[in-house]
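Atom set for the values below is all heavy atoms of this structure, side chains included, hydrogens, waters and symmetry mates excluded.
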Amino acid sequence: QVQLVESGGGSVQAGGSLRLSCVASGYTYSSYCLGWFRQASGKEREGVAGIASDGSTTYADSVKGRFTISKDNAKNTLYLQMNSLKPEDTAMYYCAAKLGCGGWWWWWRVESKYNYWGQGTQVTVSS
């Protein structure tokens, strides 16, 4: 059974950093496109960052230059390093995975494209 488990969320002050992790079981990351999404209270879930099977990355404009997505295929772990956090980054953060990356650049923000989701980890940034 495929499972994704996030960790690393917490409460920080503005300007601080957090690193989120997402560990997969039941399959290996090497052939998957992976993404981080977030959902703030009262808002729709949005794509934050994506990484393809070849290691290519992409980011939402709101986090570009502050967040870094990476993965360790050997550990089946996806990461999101978040620096210079702002109160508007407060949200539940989710990792997601999709087998196959054809056309990834065009659909990485589309929730319905992903096969598997984690349960989420809360990030709260105070001013």
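- Not counting sequence neighbours, the partners of Tyr32 by the ring-ring contact (aromatic ring centres under 6.0 Å, His included) test are Tyr27.
- Residue pairs satisfying the salt bridge (charged side-chain N to carboxylate O under 4.0 Å, His left out) criterion with at least one member in residues 104-127, sequence neighbours excluded, are listed as follows: Arg45-Glu111.
- Glu46 meets the side chain to side chain contact (heavy atoms under 4.5 Å, CB included) test with Arg38; sequence neighbours excluded.
- Hydrophobic side-chain contacts under 4.5 Å tie Val23 to no other Ile, Leu, Val, Met, Phe, Trp or Tyr residue.
- Arg66 meets the salt bridge (charged side-chain N to carboxylate O under 4.0 Å, His left out) test with Asp89; sequence neighbours excluded.
- Qualifying side chain to side chain donor-acceptor pair (under 3.5 Å) partners for Ser56, counting only residues two or more places apart in sequence or in other chains: Asp54.
- In this structure, Trp107 belongs to a hydrophobic cluster whose other members, linked by side-chain heavy atoms under 4.5 Å apart, are Phe37, Met92, Tyr94, Trp104, Trp105, Trp106, Trp108, Val110, Tyr114, Trp117.
- Cluster membership for Val123 and Leu80, using ILVMFWY side-chain heavy atoms within less than 4.5 angstrom, is shared.
- For Lys43, there are no side chain to side chain donor-acceptor pair (under 3.5 Å) partners, not counting sequence neighbours.
- In terms of modelled atom types and a separation under 3.5 Å, the side chain of Asp72 and the main chain of Leu78 share no donor-acceptor contact.
- Residues passing the side chain to side chain donor-acceptor pair (under 3.5 Å) test with Glu88: none are found, sequence neighbours excluded.
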Using a 3.5 Å cut-off and no angle test, enumerate the donor-acceptor pairs between side-chain atoms of residues 10-22 and protein atoms at least two apart in sequence or in another chain.
from  : atom 1 : to    : atom 2 : distance (Å)
Ser17 : OG     : Asn83 : OD1    : 2.9

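- Identified under the disulfide bond (SG atoms under 2.5 Å apart) test for residues 38-82, with sequence neighbours left out: none.
- Annotation: salt bridge (charged side-chain N to carboxylate O under 4.0 Å, His left out) contacts involving residues 114-127, sequence neighbours excluded, are absent.
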